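First comes the structure, then the notes that go with it.
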Amino acid sequence: MKNIKNNYVKPIYLLGLVFITVFSCEREISDDAVPASFSNTSEVFLDGFSGGMQFQAFGDIFNFQVDNDVTYKGTASMRFSVPAEGETGSFAGGNFFTGGQNPDGSSFYAGGRDLSDYDALTFWAKSSISAEINEVGFGLNPEQGDQFRVSLKNVKVNSNWKKYYIPIPDGSKLKGEQGLFYYFEDAEEGVGYTFWIDELQFENLGTLLQVESKIFNGSDETTSGFTGVDIPVSGVSALYSLPDGSHQALDLTTSYFDYIPSELNVVSGDNLGSIYVSGAGTTVLTPTLDGKKGQGTLTVESLGDFLFAPTPSQDAAGVISLFSNAYTNVAGYRNNLYWEPWQTTTNADFSVTGDDIINYVDFNFVGNTLTEGVLDASAQSNFHFDLFIPGDVAGAQLNVVLRDFGADGADGGGDDSEIGMTFTSFTAGEWNSFDIPLGSTNRDSLGFIIWDNVGSTLTNFYLDNLYFY
């Protein structure tokens, strides 16, 4: 199954009626040119599109059209053509939404549906062959992203019409939703095919039952963070009982969950599902979905105010920045290449009030790529980085190596060279600033930075302000 990528978004097509104490999260609606209330129209596509609908393809091919020959009910259906492997377009995908950009290309106008009265998006579907559609769902909002996305994965279809249900986890959060339906599919074992969808609409069935919901896949997790740091929640899911008695697994975003804290004022939440540390202490968060208690908990310990790294003083004109909010960073920097099988290092990167921090945990060694290709730092004389060790510094060592790929610009090409230093002295609880002289050679085709704890006690640290000057 593939993920939907923003760079697949292509032109928007206008569709007419006829084709031509609990942390609570709700869709945030802009105050600019927004009506007092949104339409609660249930229809998306019956024999045509409801008013204000638009379509945005994820790929280069417009693979959707209205079909007046094959229908489940009425006079028209939605037909989707999935290309075979190797054909132009390579996959079929797109988003149907209300509101968006004006036909003349001017700024976005307000749109959206009030879905608070409904508990499911339903549709009928069939296909030319037996297949599994990678993903169908709703909640891709052109202006505000996918905070309230809901989807079904690997949806089985065949030559017989069947009704499908996408439960709405909590309709009270969807009072101005723009994204009403999206799909993503590629060839079945290399074979292209066609599938149809009809009677696409929101319904209040009253027969859907939430069986369970989970955060962290139902486990109890513990984390810590500084004031202002976002606390990530992962492993979210829900299971519903459908009208026919079968169970339907639902893929949803964390924004649908609310949280009951054991202690107040330690963490706060915003209206898009983020949780962040806001005060001192420790609290246990118990999730709820549409008022029903979920499985799994999150214990959050506040580490207090964050000590920021020193603000860089180098003139930006002479700096090549890899990672720093003080400068414009080069494109292509990656702070973890995940070299296997010996690497244990993972990331717990975080941001504090807009300042991004690299956090390596379970550290033994890690590689960075500096840019797209190789980096020419021949006009710079030093490499700088700031490092903070939150734990004990006794016995800690850090070896930092910059590898130059040589004239052939390729790693392992036979002309590689390295420069670096080993650091053994650190001040606990403070940012430590280090510089590595580049020398007169080995700096015009830089490809990697390699960080290594030299088998020492260093397993957790923060990095900021990585740049050449």
Side-chain angles (χ1 to χ4, degrees), residues 9 11-20 27 29-30 33-58 62-80 92-104 108-126 136-144 146 148-152 161 163-168 171-184 195-206 208:
V9 172
I12 299 172
Y13 302 87
L14 185 64
L15 304 172
L17 288 174
V18 178
F19 182 72
I20 24 174
R27 171 76 76 195
I29 305 300
S30 169
V34 175
S37 61
F38 290 96
S39 167
N40 64 353
T41 300
S42 63
E43 296 86 356
V44 179
F45 181 95
L46 298 182
D47 285 331
F49 288 96
S50 53
M53 292 292 298
Q54 297 194 52
F55 174 70
Q56 193 167 28
F58 294 146
F62 191 96
N63 46 54
F64 154 74
Q65 63 186 117
V66 170
D67 192 325
N68 296 112
D69 296 322
V70 178
T71 67
Y72 167 73
K73 182 179 180 181
T75 60
S77 70
M78 306 166 72
R79 184 174 72 200
F80 304 92
N95 186 30
F96 296 87
F97 62 96
T98 63
Q101 197 173 33
N102 290 309
D104 63 2
F108 275 68
Y109 60 85
R113 297 276 180 92
D114 182 352
L115 304 179
S116 57
D117 290 336
Y118 305 111
D119 60 11
L121 174 64
T122 67
F123 59 91
W124 289 79
K126 64 173 289 187
V136 296
F138 65 89
L140 291 187
N141 188 302
E143 293 180 271
Q144 295 173 319
D146 66 346
F148 289 92
R149 178 188 54 80
V150 178
S151 65
L152 304 182
W161 285 105
K163 189 171 185 179
Y164 296 84
Y165 305 84
I166 307 179
I168 297 177
S172 69
K173 299 180 184 295
L174 303 180
K175 295 182 179 179
E177 180 57 54
Q178 289 184 324
L180 302 185
F181 180 72
Y182 75 89
Y183 66 99
F184 187 88
F195 67 92
W196 293 263
I197 287 178
D198 201 357
E199 301 299 299
L200 178 64
Q201 61 187 318
F202 292 93
E203 294 189 71
N204 186 10
L205 300 170
L208 297 178

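Just so you know, these numbers use all the heavy atoms, side chains as well, and skip hydrogens, waters and symmetry mates. What you are looking at is a predicted structure, and each value in this text was computed from that prediction instead of being measured.
- The aromatic rings of F123 and Y164 sit parallel to each other, their planes meeting at less than 30°, with 60° as the upper class boundary.
- Atom CG of D114 and atom OG of S39 lie 8.5 Å apart (nearest 0.5 Å).
- The CG atom of D119 sits 11.5 Å away from the CG atom of L115 when rounded to the nearest 0.5 Å.
- Only one option out of L140, N141, N95 pairs with D146 in a side chain to side chain contact (heavy atoms under 4.5 Å, CB included); it is L140.
- Between I168 and Y118 the shortest heavy-atom distance is CD1-O, 3.7 Å.
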Can you check side chain to side chain donor-acceptor pair (under 3.5 Å) on R113 and S42, steps first, answer last?
CA-CA 9 Å; R113 297 276 180 92; S42 63; over 6 Å; no

T122 and L205: CA distance, side-chain angles, deciding distance, side chain to side chain contact (heavy atoms under 4.5 Å, CB included) verdict:
CA-CA 10 Å; T122 67; L205 300 170; 4.2 Å; yes

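- Closest approach of S77 to T71, counting heavy atoms only: N-CG2, 3.9 Å.
- Among all heavy-atom pairs drawn from A76 and D47, the shortest one is N-OD1, 3.4 Å.
- One finds a salt bridge joining E203 and K163 here, because a Lys/Arg side-chain nitrogen approaches an Asp/Glu carboxylate oxygen to under 4.0 Å.
- Every residue two or more places apart in sequence or in another chain was checked for a side chain to side chain donor-acceptor pair (under 3.5 Å) with D117, and none qualifies.
- Between the side chain of D198 and the main chain of Y72, a donor-acceptor pair closer than 3.5 Å is present.
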Any chance you could lay out the ring pair (Phe, Tyr, Trp, His ring centres under 6.0 Å) test for F195 and F80, step after step, and finish with the verdict?
CA-CA 5 Å; F195 67 92; F80 304 92; 4.8 Å; yes

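- One finds the CZ atom of F64 at 10.0 Å from the CZ atom of R79 (value rounded to the nearest 0.5 Å).
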Show, in sequence, the C-alpha distance, side-chain angles and deciding distance for F138 and F96, and conclude whether the ring pair (Phe, Tyr, Trp, His ring centres under 6.0 Å) test is met.
CA-CA 9 Å; F138 65 89; F96 296 87; over 10 Å; no

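- N63 is linked by a side chain to side chain donor-acceptor pair (under 3.5 Å) to Y183, counting only residues two or more places apart in sequence or in another chain.
- Residue F55 forms a ring pair (Phe, Tyr, Trp, His ring centres under 6.0 Å) with just one option from F62, F97, F181, and that option is F62.
- Applying the side chain to side chain donor-acceptor pair (under 3.5 Å) test to K73 and every residue at least two apart in sequence or in another chain returns nothing.
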